[in-house]
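Side chains included, hydrogens not; waters and symmetry mates left out as well; all remaining heavy atoms used.
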2 protein chains.
Amino acid sequence: MPERVTLADVARLAGVSKTSASMALADNHRVAENTRVRVRKAATELGYVPHFAASSLRSQRPDSIAVVMPHATQHVFSHPVFIEMLEGITAAANDFDLAVILSTARSESDERSAYSRITRGGRAAGVIVAAASVRDSYPAEIHRMGYPVVVVGRAPGVASIGIDDLGGAEAVTRHLIEVHGTKRIAHVSGPLDHQSSIDKRDGWIAALRGAGLTIDPRLSFEGDYEEVSGARAAAALAPHLEDGDAVFFANDQMATGALGVWRRDGIAIPRIVGYDDHPMSRYTSPPLTTVRADMVRVGEMAVHQLAALIEGERDIAPLVFPTEVIVRESCGCPPHVTD
Amino acid sequence: MPERVTLADVARLAGVSKTSASMALADNHRVAENTRVRVRKAATELGYVPHFAASSLRSQRPDSIAVVMPHATQHVFSHPVFIEMLEGITAAANDFDLAVILSTARSESDERSAYSRITRGGRAAGVIVAAASVRDSYPAEIHRMGYPVVVVGRAPGVASIGIDDLGGAEAVTRHLIEVHGTKRIAHVSGPLDHQSSIDKRDGWIAALRGAGLTIDPRLSFEGDYEEVSGARAAAALAPHLEDGDAVFFANDQMATGALGVWRRDGIAIPRIVGYDDHPMSRYTSPPLTTVRADMVRVGEMAVHQLAALIEGERDIAPLVFPTEVIVRESCGCPPHVTD
DNA sequence: CTGAAAGCGCTTACAG
DNA sequence: CTGAAAGCGCTTACAG
């Protein structure tokens, strides 16, 4: 391991005390401009990088944030959506000079210890919780302890970056009703202990109600966001689907799974719509009508909110990101030239 | 922020010195069994979690590893493959009591500073580099500095977890030749500055050569692993494709993009095979014949190797993971019952 | 505007 | 087997 360049080395080369060197590098204005320049030059020359543990320990503020995926989450995000969010988080964290610690828990007890290592171990200045179950009490708990926490997804009582899944689901369902005159619309939901799944289901219900349509309980199926569960839903729904009916899937992966099964079994494919705008959805047959949110921005904003909390700000208003319907052909619309 | 429980608190409650408390918690055998029990009990009672910065600083060994995605990487992994690898990494890191720092660089200069913050800043005890370009000199550089580094993917001169992409590509190409009697096989590669793309292309060439078939340069297209580039390849290849020809795509996402375009344009779909076994590939139409590697294990093994390097081991033999052909229908095989 | 000193919370020689 | 002391590399009162 190469030997370490310390602040003392920088101070010596610049001909000042460690105090001045430290303050100069922090761009403290009590230090003469001239000194700051000299110190910066010395630091660059030596390739000085502050030892993070020393500064964390002394300042009592780690320069990291943690992203925790509760064990219940597993596959609540579709892969690309999760990666987009992570992209936004790492990019924004970079801007704030924060390192990102990724913590995924395999089990409940792992989770307990993961959380406490982060919060009690002083490892991160705050945490972003991605897709907690609504039954998960950790985020609220650590929030109450006064620890900075931001939840991605709608979460009452905690700083959060929500996504307007209710609006998105309602809009795409209404598209089916208003543009295509559909009277019966089935819904394949995600796991219903997650807020996003609940919101999408509620949006579907609101659209049906708003149009005076009835909700047939046989036309509702709880999936888990994985392709296979869409395939299972396809089989379960098939006997109850009549000509002209439609199905709203809570994500594109389940819609794709269903498409595969219906096609394999030679079943007529109903009008369908998905959710998330998975990169492949443009190329499925038919291309999927879907709903998208800007998850990169969601990740970025989560970091911004967390940074504000870390700075000591209180009462951060929860943000809700808009969603947008992407019309392609699976709903029954004609092909677009732009696609 | 809740007030911190320190080692001194634990020592006091257990009625021993900080030295003994520290050693007891490290399970040092120079401490009496009886003392160890008392200290552990006190620690549990107080909910003690060691302050990571203090121990990192004192022991001069951070209890974290970093996963860095060079800026050139962006989308070199298909999303699910990347997530599987990350799953393996975080799970194994947990077992070793290591935190995982995720570092993604947006640009070359970001990358330089990201690397040096990690290595020179003492942030991580070692790094796992995921999918570096073959032109990327960082991994070799920090390796030379004596810093523990493991590369995922074949990489000469550095500890690495390779994947037998050459073998996988050759096997799936030979399937096309031997089972289906294909004489002309096109290839849509990934970006050719990445080892995995090079290996797959070489496997394709080896299979053709081995069967005495010629390589038509018009039947080769360099993509970037994204769906769109598969769509572009489909258009570029179409004029040169004759009845009975086949196409080997370097990943399933590009294959899916191509499928979408051919279908949209009413072009007869050739025999095709993909790579990576993307979860959706089972449900496309036709379901994709593809190649898979156990990326969760790859991620786990990367951590194991890195941990060994951190422990001071030298000369770790590079590991190469096998790949497996998954036969579905896109190659021309009949449907399987198991699918 | 600058610097000497204290101390963050650990771990690790070292002495007994 | 146990404990007093030193020190990792910073930052931050504090005094000048």
Visitor: Show the numbers, then the answer: is there a side chain to side chain donor-acceptor pair (under 3.5 Å) between B:S133 and B:Y138?
Guide: CA-CA 10 Å; B:S133 157; B:Y138 278 107; over 6 Å; no
Visitor: Using whole Å, what does the distance between atom P of nucleotide D:dT11 and atom NZ of A:K18 come to?
Guide: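 About 10 Å, once rounded to whole Å.
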Visitor: Check the pair A:R117, B:D63 against salt bridge (charged side-chain N to carboxylate O under 4.0 Å, His left out), reporting the backbone distance first and the verdict last.
Guide: CA-CA 12 Å; A:R117 266 201 266 173; B:D63 59 350; 5.9 Å; no
Visitor: Counting any heavy atom closer than 4.0 Å, what does A:T19 reach on the DNA or RNA strands: base, sugar-phosphate only, or nothing?
Guide: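 Contact class for A:T19: base.
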Visitor: D:dC8 C1' sits how many Å from A:H51 NE2, rounded?
Guide: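 Nearest whole value for this atom pair: 8 Å.
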Visitor: Ignoring the backbone of B:P50, work out which of D:dG9, C:dC10, C:dT2 is nearest its side chain.
Guide: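 Ranking D:dG9, C:dC10, C:dT2 by closest atom to the B:P50 side chain puts C:dC10 first.
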Visitor: Take atom CZ of B:R12 and atom P of D:dT2, then tell me their distance rounded to the nearest Å.
Guide: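 Roughly 19 Å, once rounded to whole Å.
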Visitor: Applying the Watson-Crick and G-U wobble criteria at under 3.5 Å, what pairs with C:dC14? Answer none if nothing qualifies.
Guide: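 In the structure as shown, C:dC14 has D:dG3 as its Watson-Crick or wobble partner.
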Visitor: May I ask you to evaluate whether B:S17 reaches the phosphate of D:dA4, defined as a side-chain N or O under 4.0 Å from OP1 or OP2?
Guide: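 Checking B:S17 against D:dA4: no side-chain N or O falls below 4.0 Å of OP1 or OP2.
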Visitor: Ignoring backbone atoms, test whether A:S20 places a side-chain nitrogen or oxygen under 4.0 Å from the OP1 or OP2 oxygen of C:dG3.
Guide: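 Yes.
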Visitor: Starting at the 5' end of DNA chain D and moving along, which residue's nearest nucleotide shows up first, B:A32 or A:S59?
Guide: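 Going by which nucleotide is closer to the 5' end, it is B:A32.
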Visitor: Can you measure B:R36 atom CZ to D:dC1 atom P for me and round it to whole angstrom units?
Guide: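 Spelled out: CZ on B:R36 to P on D:dC1 is 8 Å.
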Visitor: Considering only NZ, NE, NH1 and NH2 on the basic side and carboxylate oxygens on the acidic side, decide whether B:R61 and B:E311 come within less than 4.0 Å.
Guide: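 Yes.
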Visitor: For A:R120 and C:dC10, give me the distance from atom CZ to atom P, rounded to whole Å.
Guide: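 Rounding to the nearest Å, CZ of A:R120 and P of C:dC10 are 12 Å apart.
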Visitor: Using 30° and 60° as the class limits, which term best fits the ring planes of B:F96 and B:H304: parallel, tilted or perpendicular?
Guide: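 Perpendicular, since the angle between the ring planes exceeds 60°.
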Visitor: Categorize A:S56 for me: base, sugar-phosphate, or nothing, with a 4.0 angstrom heavy-atom threshold over every strand shown.
Guide: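 It contacts nothing in the nucleic acid.
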Visitor: Could you tell me whether B:F52 contacts a base, only the sugar-phosphate backbone, or nothing, with contacts defined as non-hydrogen atoms closer than 4.0 Å?
Guide: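 Result for B:F52 = nothing.
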Visitor: How many Å lie between CE on B:M23 and P on C:dA13, as a whole number?
Guide: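 Going from B:M23 (CE) to C:dA13 (P), I get 9 Å.
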Visitor: Round to the nearest Å and state the distance from A:R30 atom CZ to D:dA15 atom P.
Guide: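 Taking atom P of D:dA15 as the reference, CZ of A:R30 is at 13 Å.
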Visitor: For A:Q60 and A:T35, take the nucleotide of DNA chain C holding the closest heavy atom to each; which residue's nucleotide lies nearer the 5' end?
Guide: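 Closest to the 5' end, via its nearest nucleotide, is A:T35.
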Visitor: Can you tell me the distance, in whole Å, between the CG atom of A:L25 and the P atom of D:dT11?
Guide: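 In whole Å, D:dT11 P lies 8 Å from A:L25 CG.
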Visitor: Looking only at the side chain of A:L7 (C-beta and beyond, no hydrogens), which of the listed nucleotides D:dG9, C:dC10, D:dT11 gets closest?
Guide: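 Out of D:dG9, C:dC10, D:dT11, the nucleotide with an atom closest to A:L7's side chain is D:dT11.
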Visitor: Please pick, from C:dC1, D:dT11, C:dG3, the nucleotide with the shortest atom-to-atom distance to any side-chain atom of A:R58.
Guide: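 Selected nucleotide: D:dT11.
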Visitor: Does a side-chain N or O of A:Y48 approach OP1 or OP2 of D:dC10 to a distance below 4.0 Å, or not?
Guide: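 True: A:Y48 side-chain N/O within range (under 4.0 Å) of D:dC10 OP1/OP2.
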Visitor: State whether B:R144 and B:E141 are salt-bridged, where the test is any N-O pair (Lys NZ or Arg NE/NH1/NH2 against Asp/Glu carboxylate O) under 4.0 Å.
Guide: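 B:E141 and B:R144: not salt-bridged.
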